[in-house]
J.: 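Once you've had a glance at the structure underneath, I'll fire off some questions.
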Amino acid sequence: MRLPYPAIALGALLLGLLAGVLGYSDPYVLPWFMIFTATLASARGLGVGLGAAFLSTLLLLLFPGFELVAAALLLLSALLAHQVGESLRLAHRQAKHLARVQRLLAEALEALPQAEDRETLLRTFPERLAALGEGGHIGVWVPVREGFRLLASEPPLALDTIPATGVVGRAFREGKPIHVPDVRQEPAYISAPGHQALAELALPLLERGEVVAVLNVERNRPFSGEEVEGLTRFAQAVSLQLSRLADMEERRLLAELAQRMQSAATPEEAAQKALGLLLEVLRLESGTLWEARGSRLVALAYQGVKEPSLLQVIAEGLPYGVGLAWQVYESHSPFFTARYAEESRTVPALRNLGWRTFAALPIPSPGSPRARRVLVVGQREERLWRKAEEELLLSACRAVGLGLEGLTEKRRHQAVNQLFLELVERPLEELYQAILEEAIRQVPGSEAGSLLVLEGGEYRFQAVVGYDLEGLKAVRFSPEGMLFWYGRGEEEARRGEPRIMSVEDRPIPEISHQTAPPEVIDTTGRAKEIQANLCLPVPYKGEVLAYLNLDNLHDPKAFGEDSLHAAHYFAAPLATLLHEAKTRRLLEEAALTDPLTGLLNRRAFDRYFLEELKRAERYGYPLSLAILDLKGFKPVNDRLGHATGDLALMKVAEVLQRERRNGDRIFRWGGDEFAVLFPHTPKKGAIAAAYRYAQAIERLCFGEICLGVNIGVATYPEDGTTPDELLSAADTRMYQAKALGQAVVA
C-alpha cells in the first residue's frame with residue numbers, strides 16, 4: 001500500500017534532521033543515507049532521487065558543514081520527483097486506457113460489416129465493448145409502447161424494461177448523446193437492482209434518420225472527453241451501418257420480388273409469392289392481399305391465417321366499409337399501428353383474437369382514385385413499426401403493383417379473346433350476359449351493370465347483373481333518351497368514348513327518372529342506390545348498337561382512368577357480337593313481321609304476349625290487351641280494289657304507330673284485325689289509349705269510304721290469368737262493340 005505523499009515527505013525531513021543532530025556528518029554517509037529517503041519520498045522516482053543524492057554529496061564535499069541545507073535541497077528534490085513521477089504515471093495510465101478504448105472501438109468497428117441483419121448487429125455491441133463498463137454495464141435498448149426493452153446487455157441485467165422517462169428516453173427523444181457525469185445528481189436516473197453506477201452515457205442509434213435503439217454505457221468512474229467523443233463517433237458509424245443494412249435489405253427484397261412475380265402466371269400466384277416473401281423478410285405472422293371487387297374486398301392471396309373466424313372472413317370477403325383496409329382503399333394512405341384493438345375501424349374477428357401489430361398499405365393502381373388492392377400484414381405480439389420497415393413495405397407495394405398490373409392486363413386480353421372464340425359457339429342471349437359479367441369482373445370499381453341493345457329503333461335491356469332483368473325488359477329507351485343518359489353528345493357516342501358519372505357531380509336518380517318510369521327503374525333498376533356509373537357506347541359503322549353500363553352501389557369515386565382503360569377492352573367484342581346479332585335479328589324479325597304493314601305478326605304476338613304475361617304474374621303489375629277489328633275495310637277492298645285495300649292497311653298501321661305510347665306493342669293479327677299489348681297498364685289506361693287509336697283510324701278515308709274500328713279490352717288479372725282467358729275476354733268485347741255500334745267496350 002502506498003503511503004500518502006505528505007507523510008513520506010515529512011518522514012524524509014525528520015530522518016535527515018535526526019541524522020544531522022546525531023552527528024552523522026560524514027560527507028559520504030549522510031548523502032547516501034538520504035538516497036534512501038529521497039527514493040522513498042519520490043515513490044518510484046529512483047533516478048531523480050539518485051540525482052538529488054549525488055548533488056547533495058557534491059555540495060557537502062565543496063561546502064562542509066551545510067548538512068541541513070543539503071537535507072532541505074534533498075527534500076525539495078524529492079517533492080519535485082514525486083510530482084513529476086505522478087504526472088508521468090497518470091499520463092501513462094490515461095494513454096494506456098485510451099489506447100485500450102480505441103482498440104476496443106476499432107475492433108467493434110471492424111466487426112460491423114460482418115453482421116448480416118439489424119438485430120445481429122445490435123446484439124454484438126455489449127459483449128465487444130464490455131471492458132468499457134469498468135464495474136458498470138453496457139446495454140442496447142429498443143423502444144416498445146410503454147418505454148424500452150433490453151435487447152442485449154453485458155453483464156446481464158435483472159431489469160428487462162424501463163420507462164421512457166430516464167436518460168435512455170432523453171437520448172431517444174432528442175436524437176443526440178446524453179452524458180451524465182454523476183447520476184446521483186440526475187433525477188431521471190433509473191438504477192437496476194444490485195447495480196450502482198457513477199456516470200452514464202446514452203447514445204442514440206439511427207436507421208435512415210430514425211432513432212431505432214439506444215446504446216447505454218454506465219460505469220463507476222466519469223467518462224473523459226476523448227471517451228465521449230470516441231463512443232459518439234462509434235454510434236454514428238453504427239447508425240451508418242444500420243442504414244446500409246436497411247438499404248441492402250430493401251434492394252434484396254425488391255430483386256427477389258421481381259424474380260418471383262416474373263415467374264407467376266396469374267395475379268393470384270404473384271400475390272401469393274409476394275406475400276410469402278414479405279412475411280419472411282419482416283418476420284411477421286400472417287397477411288392478406290385484398291382486391292376491391294364492387295362492394296367487397298376479396299382475398300387475392302393469404303398466408304399464416306389458421307383461425308376459423310378469420311378463414312371465414314377471407315372466404316366471404318370484407319363488406320364495404322368494414323376494417324382499416326377499406327380506409328386505405330378510400331384514402332390511398334398507408335396505416336401502421338401497434339394498438340389494433342384500440343382503433344375505431346377494425347374487423348371484429350381480428351380484434352377478438354387480440355391482434356396488436358397491424359399494417360395496411362395501398363398497392364398502387366395507375367389512374368385510379370382508389371387503392372384497388374390493399375396489403376395487410378401483422379401479428380398478435382405488439383411491435384412498433386420502424387421507419388425503415390414502413391419504407392420497405394411501401395417500396396415492395398410499388399413493385400407488387402407493377403407486377404399485378406401486367407398480369408391483370410394479360411388476363412383481360414385472355415378474357416376478351418375467349419369471348420371472341422365463343423361468338424360462334426354460344427347463343428347470342430348467353431353471350432350478352434357473359435360479356436357483361438366479364439366486364440364487371442375486369443373493370444375496376446364495377447359491382448353491377450346492364451347491357452342495352454338497339455332493337456327496332458329502341459334500346460332494350462338484354463343482360464343485367466345486380467338488377468331484375470324480367471322487370472326491366474318492359475322498359476324501352478329512345479336514342480334521344482339514351483343520349484340524355486350518356487350526357488356527352490352524339491359524336492362522342494359514335495366514337496365509343498366511355499364516360500363516368502357520380503352522384504357527387506350529377507343526380508343519377510333524377511336523370512334515370514327522365515328516361516324511364518320511376519316505379520320501374522327505382523325497384524327493378526335500383527336507380528336510387530347507384531353511386532357511380534360508367535357508360536360505354538358501342539358503335540359500329542357510325543351507329544351506336546348498344547350501351548354498356550357498369551355501376552357501383554356504394555362508392556361515388558369507384559371509377560377512374562384505369563376503369564375507362566379497362567372498359568375499352570369490351571368495345572370490340574361487343575361491336576362484333578352486336579353486328580352478328582343484328583344480322584340474325586333482321587332475319588328473325590322478317591319471320592315475325594308482317595311484310596305489308598311492317599307491324600309484328602300473329603306469331604310475334606303469341607311469343608310476346610306469353611312473355612309479358614309471365615312478367616306481370618311475377619311482379620304483380622297489370623297487363624292490358626286490345627283486339628281491333630276494322631269497319632269499312634271490306635267495302636274499300638271490294639269497290640276500290642285490293643291495291644287500295646293494301647294501302648288502307650298500311651295507313652292504319654302508320655296511325656297506330658304514330659299514336660303508340662312508349663312500351664306498347666302493336667301487331668297485325670291477320671286480315672283486317674290488329675292487336676295491342678299494354679305492359680304496366682291498368683284497364684283505365686288501356687281504354688284511354690284504345691279511344692285514341694279509334695279516333696285516329698276514324699279519320700282515314702278512301703274516296704267516299706271512311707274507316708272505323710271496334711275494340712275489345714281485357715286486363716290481367718281481373719279479366720283472366722291465362723292467355724286464353726284474356727284473349728277470349730277481349731274478343732268477346734270486340735264483338736260486343738260491333739253489335740252495339742261502339743268503338744270500345746271494356
Side-chain angles (χ1 to χ4, degrees), residues 248-294 296-306 310-311 313-318 325 328-329 332 334 359-368 370-378 389 391-421 437-446 560 562-563 565-566 568-570:
M248 290 175 58
E249 184 177 41
E250 183 172 321
R251 288 196 294 270
R252 284 197 301 265
L253 173 67
L254 294 178
E256 181 68 17
L257 263 181
Q259 182 178 354
R260 291 194 182 191
M261 297 196 72
Q262 285 175 0
S263 66
T266 66
E268 290 80 5
E269 182 184 354
Q272 193 67 47
K273 290 183 175 183
L275 182 60
L277 178 61
L278 289 173
L279 294 180
E280 175 187 341
V281 169
L282 292 168
R283 299 175 184 174
L284 290 168
E285 185 176 339
S286 63
T288 306
L289 203 157
W290 298 100
E291 183 175 65
R293 294 181 186 172
R296 287 188 176 270
L297 286 176
V298 177
L300 203 61
Y302 68 92
Q303 185 167 319
V305 181
K306 301 176 182 177
L310 294 183
L311 290 172
V313 170
I314 288 175
E316 297 175 354
L318 284 176
V328 173
Y329 161 86
H332 245 292
L361 301 98
I363 305 292
S365 301
S368 170
R370 299 301 198 198
R372 304 297 184 192
R373 302 180 185 93
V374 178
L375 172 68
V376 170
V377 293
E389 290 178 324
E391 292 175 347
L392 183 143
L393 277 170
L394 287 169
S395 297
C397 285
R398 287 191 288 270
V400 171
L402 290 174
L404 290 178
E405 283 300 315
L407 290 169
T408 301
E409 197 85 350
K410 177 183 175 182
R411 172 170 286 180
R412 289 193 188 116
H413 280 292
Q414 293 173 341
V416 170
N417 290 339
Q418 183 62 33
L419 289 172
F420 274 116
L421 292 175
E437 291 174 358
E438 192 63 43
I440 291 173
R441 277 193 293 270
Q442 299 294 341
V443 176
S446 301
D562 58 334
S563 308
H565 171 73
H568 274 295
Y569 276 84
F570 296 90

J.: Run the side chain to side chain contact (heavy atoms under 4.5 Å, CB included) test against Ala360 and tell me which residues pass, sequence neighbours left out.
T.: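 Listed in chain order: Val328, Phe358, Val374, Val376.
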J.: For Glu316, enumerate each residue passing the salt bridge (charged side-chain N to carboxylate O under 4.0 Å, His left out) test, keeping only those at least two apart in sequence or located in another chain.
T.: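 Applying salt bridge (charged side-chain N to carboxylate O under 4.0 Å, His left out) to Glu316 gives none.
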J.: Working to the nearest 0.5 angstrom, can you tell me the gap between Leu254 CG and Glu249 CD?
T.: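 Answer for the CG-CD pair, Leu254 versus Glu249, is 10.5 Å.
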J.: Less than 4.5 Å apart, any side-chain heavy atom of Leu394 and any of Pro334?
T.: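 SC-SC contact between Leu394 and Pro334 confirmed.
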J.: Does the side chain of Arg296 come within less than 4.5 Å of Arg293's, by heavy atoms?
T.: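 Not touching, per the 4.5 Å side-chain cut-off.
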J.: Which pair of non-hydrogen atoms, one from Pro364 and one from Cys397, has the smallest distance, and what is that distance?
T.: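 In terms of heavy atoms, the two residues are closest at CD-O, 3.4 Å.
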J.: Determine whether the side chains of Arg372 and Thr408 contain a donor N or O and an acceptor N or O closer than 3.5 Å.
T.: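 No, no side-chain donor-acceptor pair sits under 3.5 Å.
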J.: Sub-3.5 Å donor-acceptor pair from the side chain of Ser563 to the main-chain atoms of Val443, do we have one?
T.: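 The answer is no, because no donor-acceptor pair under 3.5 Å joins these two groups.
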J.: Which pairs count as salt bridge (Lys or Arg N to Asp or Glu O under 4.0 Å) when at least one residue sits in residues 411-420, sequence neighbours excluded?
T.: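 Checked against salt bridge (Lys or Arg N to Asp or Glu O under 4.0 Å) - neighbours excluded - the pairs reaching residues 411-420 are Glu268-Arg411, Glu409-Arg412.
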J.: Sequence neighbours left out, what passes ring-ring contact (aromatic ring centres under 6.0 Å, His included) with Phe570? Give chain and number order.
T.: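 With neighbours one apart ignored, the set is empty.
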J.: Can you see which heavy atom on Glu250 is nearest to which on Ser395, and at what distance?
T.: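 What the structure gives for the nearest pair is OE2-OG, 3.0 Å.
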J.: May I ask you to say whether Glu256 pairs ionically with Arg260, meaning some side-chain N is under 4.0 Å from a carboxylate O?
T.: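 Arg260 and Glu256: salt-bridged.
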J.: Take Val305 and Ile314 through the side-chain contact (heavy atoms from CB on, under 4.5 Å) test and state the conclusion after the steps.
T.: CA-CA 9 Å; Val305 181; Ile314 288 175; 3.8 Å; yes
J.: Checking Tyr569 now: which residues fulfil ring-ring contact (aromatic ring centres under 6.0 Å, His included) with it, not counting sequence neighbours?
T.: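 Residues passing ring-ring contact (aromatic ring centres under 6.0 Å, His included) with Tyr569: His413, His565.
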J.: Can you name the closest pair of heavy atoms from Arg373 and Leu289 and give their distance?
T.: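 Heavy atoms of Arg373 and Leu289 come nearest at CB-CD2, 4.1 Å.
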J.: Would Glu438 and Arg441 count as a salt bridge (Lys or Arg N to Asp or Glu O under 4.0 Å) here? Give the steps.
T.: CA-CA 5 Å; Glu438 192 63 43; Arg441 277 193 293 270; 2.5 Å; yes
J.: Determine all donor-acceptor pairs shorter than 3.5 Å in which one atom belongs to a side chain in residues 273-287; sequence neighbours excluded.
T.:
from	atom 1	to	atom 2	distance (Å)
Lys273	NZ	Ser263	OG	2.7
Lys273	NZ	Glu269	OE2	3.3
Glu285	OE1	Arg380	N	3.3
Glu285	OE2	Arg380	NH1	2.3

J.: Minimum heavy-atom separation for His332 to Ser368, with atom names?
T.: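 Here His332 and Ser368 meet closest at NE2-O, 3.7 Å.
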